[in-house]
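The residues of the chain are indexed from 1 along the displayed sequence.
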Amino acid sequence: MRVHPEVRRVLIPSVVGYVVSIVLVAALLGPRVASAWMVIGSILMYIAIAYVARGTTAHALYVAERRIPPVINGAATAADWMSAASFLSMAGAIALLGYDGLPYIIGWTLGYTIHAFFIAPYVRKSHTWTVPDLVETRAGGYGPARVIAVIMLFITSLVYLTAQLVGAGVVFSRFLGIPAQIGVFGALFGMGIYAASGGWKSITWTQFAQYIVLIIAYLGAALIVASIVGIWKPLPWFGYGELIQALQSREAQAGLPPWTTPFAKPLGGASGQLNWILSALLLMLGTIGLPHILMRSYTTPTASAARLSVGWALFFIGLLYCTAPMYAAMARYAFSGLWGKPIAEVQNVPWVAKFLPTGLIKINDANGDGVLQAAELTFHGDIVVIGMPDMWNLAWWVAPFVAVGGLAAALSTADGLLMVMVTGITRDIYHRFINPNVPEEVEIRMTRVLVMILSVAASFLAFLAIQDPRFALYVALLVGWAFVFAAASFTPAVVLGTFWKRLNRYGIVWGMVAGMATALPYVLAVGVFQARPLSLFGQPVGTIGWGCVAFLVNLVVSVVVSLLTQPEGEAVMRFVDRMRLPELARVPAVAGASQEEDRRATR
């Protein structure tokens, strides 16, 4: 098997050096120092990879020279996708919600499947450089469409980025013993430096390494615990159903309702079958329109490579998503082992004593009998993954390695989001409207400076978020809200723009504005200010499910406005044909600055 030269040059030396350094520190200074070094050293490893793989041209900065192989790009896309919410919180959401937490897995998986077959190859064949560039080109060179797209991009990406930095700050806090408010700036140190090193080229190779780290950390702890509880029948993914049955038997004896009861728990501020279906559908639609995921299609050599890349990404993501319910079952089973014991004894259990001060576990002796009842023990979702090594008394290095995986998940998504926003300023605003003749070296320097400025700004927002005690009520939903905003703005524009030629510039602009105007106030009112959710067909609709309404508003407005106004010209029709026809077909090229630059850069 041929090994990519960048793997030999960049990845292998960095990973080997990191592992050897951990072994040496553990041997010389002990497990406690080695645990801290595993977290800090991982960031230094990513910086080293980013520096060695850095890009020095605009083509490398914005589209990684369009030379990333499908497997590498697929792993990088998976890392870009699997944020702190996926790594730290999704298993916790399933542990808390049971069946009602499954829309995350179902929606995201379906969304990626649609993205692979119907979106990614066409985005790649557009020969544009950014998502706002694609929107403007599809709008016939209408400048306001690009500006509106940049605004939507910032709303979506900034919400997502704040959640990632909060997750990174929590990891730093729990494993280095520093306040989470300070930990968010530790994430800034890594994220800003390697994003500034060389744009999407550096980020892609760094994300490839981060995926390897996060998936080994996630699977490793789960598979070790699976061997302890005896669910290798023949593999844990097939055997943990027996664990769920044993768990529900314990819960029934303790008077708890079945964990797998459907449509019983709130998701996004509402419960019920309709909200469950709308939430899964929204997460699917949002996946199609996320700007930092659409950007990954630009870094592959061809449209077929883009499709193959997303297929690999779906496989790599599936490894984690299929394991998350297993984490949830094993964590609840560990908690059920504490029921019926004296509370004083439970409080002295090592892993309970470790997490009680953090607030991840709470014990309330409601009836005053000194014995722990099932309803008297509550837990925060984040403990499901972070606390798994401690719950089952695994080796000392497993817990910090899981923390390293969580940090990799947070940073890999954060730097992709950061680069998307920076590109929105430099390429989509400055280069397009202010100084089209800016020298390449000046544009690269500006990009690197803006990366650091936005890193500090985003870290400060995360700092303020953690300071607010209400933040714990809705931080887990922040990522879901980013999908709401993506579905309300970009998804209809991308889908209609590819498959319906009659869509025009006014339909694109007014559709995005109407969709976001429908989504943003509802998310703020219900999600942040705790207003009562609206009902559809007699059932309440939460903030995530409401994104489907915003998507439909965008869709309807786009269609109606386009039909009431003039269609686009022949150039746009050729552009759509060029996107949709097979790669071997020769369709006349569409004139456009971004495409001409792309042709020059790839010669």
Side-chain angles (χ1 to χ4, degrees), residues 81-111 159-160 163-164 166-167 170-171 214 218 221-222 240 244 247 251 256-273 275-284 286-287 317-318 320-335 355 359-362 378-388 391 402 405-406 409-410 413 471-484 523 526-527 542-545 547:
W81 169 260
M82 289 189 293
S83 62
S86 292
F87 191 97
L88 297 176
S89 301
M90 186 169 63
I94 296 172
L96 292 169
L97 301 177
Y99 185 92
D100 294 323
L102 292 181
Y104 289 106
I105 294 178
I106 294 171
W108 288 339
T109 305
L110 284 175
V159 170
Y160 212 144
Q164 303 318 304
V166 169
V170 169
V171 170
L214 73 87
Y218 201 84
Y240 77 93
I244 293 177
L247 168 63
E251 291 181 334
L256 295 179
W259 177 46
T260 55
T261 301
F263 318 128
K265 301 179 181 68
L267 177 64
S271 60
Q273 185 176 10
N275 184 66
W276 191 97
I277 294 172
L278 290 178
S279 296
L281 181 61
L282 180 279
L283 293 169
M284 179 192 75
T287 299
I317 292 167
L320 188 144
Y321 281 9
C322 290
T323 309
M326 188 163 66
Y327 261 100
M330 293 187 298
R332 287 188 71 95
Y333 192 77
F335 280 115
F355 288 109
L360 293 178
I361 301 175
K362 294 182 180 180
T378 57
F379 62 91
H380 191 286
D382 286 352
I383 197 177
V384 169
V385 173
I386 288 180
M388 186 66 64
M391 292 179 193
V402 170
T413 302
F471 194 80
L473 298 176
Y474 54 85
V475 64
L477 288 175
L478 271 178
V479 170
W481 294 346
F483 285 79
V484 171
V523 167
V526 177
T543 52
I544 296 178

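Qualifying side chain to side chain contact (heavy atoms under 4.5 Å, CB included) partners for L110, counting only residues two or more places apart in sequence or in other chains: I106, M284. Residues meeting the side chain to side chain donor-acceptor pair (under 3.5 Å) test with T287, sequence neighbours left out: none. In this structure A221 satisfies the side chain to side chain contact (heavy atoms under 4.5 Å, CB included) test together with Y327, V398, V402, sequence neighbours excluded. T260 is linked by a side chain to side chain contact (heavy atoms under 4.5 Å, CB included) to I244, Q248, counting only residues two or more places apart in sequence or in another chain. Listed by chain and number, the residues in a ring pair (Phe, Tyr, Trp, His ring centres under 6.0 Å) with Y333 amount to none (sequence neighbours excluded). Every residue two or more places apart in sequence or in another chain that forms a side chain to side chain contact (heavy atoms under 4.5 Å, CB included) with A331 is listed here: V384, M388, M391. Considering only residues two or more places apart in sequence or on other chains, W108 meets the side chain to side chain donor-acceptor pair (under 3.5 Å) condition with none of them. Under the side chain to side chain donor-acceptor pair (under 3.5 Å) criterion, T323 pairs with W237, not counting sequence neighbours.
Rounding to the nearest 0.5 Å places CG of L97 at 10.5 Å from CH2 of W259. Taking CD of Q273 as the reference point, atom CZ of F263 lies at 4.0 Å (rounded to 0.5 Å). To the nearest 0.5 Å, atom CG of residue L102 and atom OG1 of residue T109 are 10.5 Å apart.
When all heavy atoms are compared, the tightest approach of A328 to A95 is CB-N, 3.5 Å. The two residues G480 and L282 have their closest heavy-atom pair at O-CD1, 4.4 Å. For A270 against G542, the heavy-atom pair with the smallest separation is CB-N, 3.4 Å. Taking both residues in full, the closest heavy atoms of L267 and D100 are given as CD2-O, 3.7 Å, listed atom of the first, atom of the second, then distance.
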Checklist entry - For V479 and Y160, what are the C-alpha separation, side-chain angles and deciding distance, and is it a side-chain contact (heavy atoms from CB on, under 4.5 Å)? => result CA-CA 5 Å; V479 170; Y160 212 144; 3.8 Å; yes

Item to check | Pair F379-F355, ring pair (Phe, Tyr, Trp, His ring centres under 6.0 Å): steps then yes or no | outcome: CA-CA 10 Å; F379 62 91; F355 288 109; over 10 Å; no

Checklist entry - After noting the C-alpha distance and the side-chain angles of K265 and L96, does the key distance pass the side-chain contact (heavy atoms from CB on, under 4.5 Å) rule? => result CA-CA 9 Å; K265 301 179 181 68; L96 292 169; over 6 Å; no

Checklist entry - Should I361 and I383 be marked as a side-chain contact (heavy atoms from CB on, under 4.5 Å) after you check the CA-CA gap, both sets of side-chain angles, and the distance that decides it? => result CA-CA 8 Å; I361 301 175; I383 197 177; 3.4 Å; yes

Item to check | side-chain contact (heavy atoms from CB on, under 4.5 Å) evaluation trace for K362 with H380 | outcome: CA-CA 9 Å; K362 294 182 180 180; H380 191 286; over 6 Å; no

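Aromatic ring centres of Y99 and W276 lie closer together than 6.0 Å.
Between Y321 and Y104, the closest side-chain pair of non-hydrogen atoms is not below 4.5 Å. Proximity of L214 to L320: side-chain heavy atoms (C-beta onward) are separated by under 4.5 Å at one or more points. A 4.5 Å side-chain heavy-atom check between E251 and R332 finds at least one atom pair inside the cut-off. You'll find the side chain of I386 reaches within 4.5 Å of the side chain of L88, heavy atoms only.
Side chains of S86 and W81: a donor-acceptor N/O pair is absent below 3.5 angstrom, by distance only.
Between the side chain of T413 and the backbone N or O of A410 there is no donor-acceptor pair closer than 3.5 Å.
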